[in-house]
2 protein chains.
Amino acid sequence: MRRIKPGGRLGIVGGGQLGRMIAIAAANYGLKVHVLAPDGDSPAFDVAAEHTVAAYDDAAALEAFAGRVDVVTYEFENIPHATAQRLAARAPLHPSAAALATTQDRLSEKGFVNGLGIPTAPFRAVDTSADLDAALAEIGRPAVLKTRRFGYDGKGQQMIRAEGPCDASAILAGFGGAPCILEGFVPFEREISVVAARAADGAFAAFDPCANEHRDHILASTHVPAPDLAPETAAEAIRIAQAIAEALDYVGVLAVEMFLVVEGGAQRLVVNEIAPRVHNSGHWTIEGALTSQFAQHVRAVCGWPLGDPARVGGMAVEMHNLIGAQADDWARLLAQPGTHLHLYGKGEARPGRKMGHLTRLKP
Amino acid sequence: MRRIKPGGRLGIVGGGQLGRMIAIAAANYGLKVHVLAPDGDSPAFDVAAEHTVAAYDDAAALEAFAGRVDVVTYEFENIPHATAQRLAARAPLHPSAAALATTQDRLSEKGFVNGLGIPTAPFRAVDTSADLDAALAEIGRPAVLKTRRFGYDGKGQQMIRAEGPCDASAILAGFGGAPCILEGFVPFEREISVVAARAADGAFAAFDPCANEHRDHILASTHVPAPDLAPETAAEAIRIAQAIAEALDYVGVLAVEMFLVVEGGAQRLVVNEIAPRVHNSGHWTIEGALTSQFAQHVRAVCGWPLGDPARVGGMAVEMHNLIGAQADDWARLLAQPGTHLHLYGKGEARPGRKMGHLTRLKP
């Protein structure tokens, strides 16, 4: 893998807060950043040396963009496969188009994970109401129907409860005919995630597993170390993330979300999903780790040595998202001792929109 | 003082690494940054939402710039007074034009500091060779002749040694007729500095005093806590910085460089100079303090509450500048565990040019 030098150009596809924080990390290493995104008001543009406003299927714009940078990465997995291939034809793309293809489809992702001998929820592909009826008969209820692609923050998901009526045709119609997957419900104690990086030479560095709390399907807070996570379970979580990264020949930061299941006092892990990118549950690393997930991602995609993922001073860390109007509380949060406030420079605080986050370290 | 809201616009005059790091800190708070600098290749432009390429005496450009932002600050003190006044007429300027005027002239600065009852080196104004002869007779040798204005990193300074010939006319000719000041030599043990912030409401927060080592008149490294600095001397150093900030009605971050003099085992402090801006000796605060000097400066100039300046986990911190070709060692430094590498995105590693810095925390 070619090593990018400081002064080199990093291309980022996607202009949201993740792209913004990657761009800032890259700037701290003296890189020039070029962001491509379809929205002219993208938060990442404000901290990038250059930007291109273009749709993700604008072939000419993608090729011009890739031709002007030394390496391309992305902030989110919902990039069309054709786009990834077009970029990769012009510039090194990390993570690879193949890793993206595996992880951006829930069905291929679960099959891939199971193929490594790592458990997931039971699942069945669902394209028709007959498929859904058959899948519910096999997997049982409660279960969750999800679109195979392009879902995030609870979008493209429908819970099917244990009791009550269940009209397969009506449920499927709500997804507009998109290919779906039915996932069995996992009775978990906690949701945890492992954010980790792999370099092209196979080096691997995981941040400590963290516990995640969601509200309305959106991450609300992250706590590290994860409460009640046995040391051997934490080690197993990291082994799972490493096995996944190696099997994908992954380069960059990824996040593996897992369910912690407790049965008869014993802990076991079930993989929920893989995010082939920096992740909201890794924001705590900006102040809480010796290397932030964003700096680590930049290191990996530039062919640089990975940084030390250890927690700063071994302190406990908590991260809270600021969703929608929660960010209006900025003045009070700024005045809280030891609170690190991050705001993403988004114009409008719509409900459910991630406007910022805050991090606190606890000695 | 009006409080700027996130989403508001911060104008920064000057496009070097200090402006770049202020811009990044501002972006982390969701502010839009507009940088004005004369060089089209300014490092701060790469992390700013907007920039203006204009000379510091371009009245039309200055007024257009100030008209587009909510508050103006600057990264260096060598701004013409007329420029500061022009900006302040259009937008709030912090630190103020008056604070700038006092501190950008070594003669007015030393008179101001002495006026507070705070010691400096002995000094005399020098405009002619007769002045210089008289000043040397009074102050004695060794001594240092400096231009009153526009000096930095040893530029505009001439040591006059204790022994040997001393041709006053020739020395002054080397400064091209610029108004000068002769400063008596202070036999110091160490150079320390206090980087601190003052808010418009009078709130004051100092980072721990640090020890600075120079090579070729350029800061080489900073260590905090400062070795051998008695706790009462450290407290006195902070009192001096606070007295200076209050007398200037200062808003923003400033640095006060001091000589630590030891006589008969007793420590005392002599103020060397005041920098009305963020300072190289405060770079350690990015990782080493709960609030970085750049975040603190943004807080102060936006009318926000000051952050906690305490060291992270009470750890010792060292900062080393990367000057000229030292930055070529980036790959080795990236691989050092616990080393935080910062590169400023400057194109050419000229000798004496500050290309980056690194910070290490020691538990």
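All values below come from the heavy atoms of this structure, side chains included, with hydrogens, waters and symmetry mates left out. Owing to the predicted nature of the structure, the values given are computational and were not obtained by experimental measurement. Every chain is numbered from 1, with letters handed out A, B, ... down the list of sequences.
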*Highest number of heavy-atom pairs under 4.5 Å with chain A: which of B/Gly30, B/Gly356, B/Gly347?*
B/Gly30

*asked:* Shorter than 4.5 Å, heavy atoms on both sides: which option in B/Leu290, B/Val47, B/Leu334, B/Leu341 has the most such pairs with chain A?
replied: B/Leu334

Got a list of the donor-acceptor pairs under 3.5 angstrom between chain A and chain B?
from	atom 1	to	atom 2	distance (Å)
A/Arg20	NH2	B/Ala27	O	2.6
A/Ala27	O	B/Arg20	NH2	2.6
A/Asn28	O	B/Leu343	N	2.9
A/Gly30	N	B/Leu343	O	3.3
A/Lys32	NZ	B/Asp46	OD2	2.8
A/Asp46	O	B/Ala49	N	3.1
A/Asp46	OD2	B/Lys32	NZ	2.8
A/Ala49	N	B/Asp46	O	3.1
A/Leu290	O	B/His340	ND1	3.4
A/Arg299	NH1	B/Leu334	O	2.7
A/Arg299	NH2	B/Leu334	O	3.3
A/Leu334	O	B/Arg299	NH1	2.7
A/Leu334	O	B/Arg299	NH2	3.3
A/His340	ND1	B/Leu290	O	3.4
A/Leu343	N	B/Asn28	O	2.9
A/Leu343	O	B/Gly30	N	3.3

_Proximal component of B/Ala48, with respect to chain A [non-hydrogen, under 4.5 Å]_ = backbone

_Pairs of heavy atoms under 4.5 Å with chain B: top-ranked of A/Pro6, A/Pro337, A/Ala335, A/Gly345_ = A/Pro6

